[in-house]
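Read the numbers this way: they start at 1 and go in the same order the structure lists the ligands and their atoms.
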Amino acid sequence: MKERVKRLVGKTVFAAGLDALFLRNAAIVVAFHRVQDTERSEGLTIGVRMFERYCRFFQRHFRVVSLHELVEKLERGVTLNRELAITFDDGYLDNYENAAPVLERLSLPATFFLVTRWIGTDIVPWWDEVEGVRHQWMNWDQVRSLHRRGFEIGAHTRTHVDLGSVDNGEAHEEILGARRELEEQLGASVELFAYPYGRQDNLVDSNRDLVRGAGFRCCCSCFGGVVARGTDPFHLTRVPITPRYTSPQQFGLEIALGRSIVLA
Ligand SMILES: [Zn+2]
């Protein structure tokens, strides 16, 4: 019942254009993981039709920009105006097979953050192991294809390590190593970074210095929060899109009301 009410209120708010008032001078970066149709509801998975509904909602109510463009605006300190950047974490194959065609059909930019040592392998991460599911990763040809088609590729470490719990040497290898491997595979510069797990305690300040020192221009978290003028690109918050939101309107309402923060 509560969810239904939220959906209705969200619809009304957005239909009335009140969102423009709530979200004035702000930007949002959203983070997806998997886009596929599954029998069981999983926290990291959004169905293909629901993904398309999100994309159309973004297109209608926000100015969808590439993450690069948003980072550049933050660097220049210009006023933000409802920009929204779409990102994906980890490099699941369904991003290539299901999400990219929808994005292309709607002419929307997006960034894919990849775990370099998992690309083209059959490694099962612990969170999928726990759920008893297996999902495939993209291979390097598919990553290069996304890049050629204009999508942005970013780094998400080499092995999805929790940077808040390893020593500086290992963190350095994971951060700089991922950038080098991506650049070698793409033959292009890679400047966007999102740290694994993305909560406040999964990164310490010294890691942030490593990210900056490795030549990246941003460091994305994933615990929610909107972006404002003056936001440091190395403290760039993202809002994870999960089945916790029953509709894009509910997502929009919670964002507008400043309730996107997911606490650990
Ligand atoms: Zn991740």
*Asks:* Assign the ring pair F62 / F58 to parallel, tilted or perpendicular, where the plane angle (0 to 90°) is split at 30° and 60°.
*Replies:*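 The rings of F62 and F58 stand perpendicular, inter-plane angle above 60°.
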*Asks:* Looking at the Zn ion (ligand 1), is there an N, O or S atom belonging to H160 that lies under 2.8 Å away from it?
*Replies:*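 True for H160.
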*Asks:* Assess D90: does it contribute an N, O or S atom lying under 2.8 Å from the Zn ion (ligand 1)?
*Replies:*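 Short answer: yes, at least one N, O or S atom is under the cut-off.
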*Asks:* Using the six-membered ring of F216, assess whether NZ or CZ of R179 lies under 6.0 Å from its centre and within 45 degrees of the ring axis.
*Replies:*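 Yes, a cation-pi geometry.
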*Asks:* Please identify which of these residues, E174, E170, E173, R117, meets the side-chain hydrogen bond (donor to acceptor under 3.5 Å, both in side chains) condition with T159.
*Replies:*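 Result: among E174, E170, E173, R117, E174 is the only option passing the side-chain hydrogen bond (donor to acceptor under 3.5 Å, both in side chains) with T159.
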*Asks:* Taking both backbone and side-chain atoms into account, decide whether H33 has an N/O/S atom under 2.8 Å from the Zn ion (ligand 1).
*Replies:*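 Of the N, O and S atoms in H33, none lies under 2.8 Å from the Zn ion (ligand 1), which means no.
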*Asks:* Tell me, do V71 and E191 make a side-chain contact under 4.5 Å, heavy atoms counted?
*Replies:*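 V71 vs E191: side chains apart.
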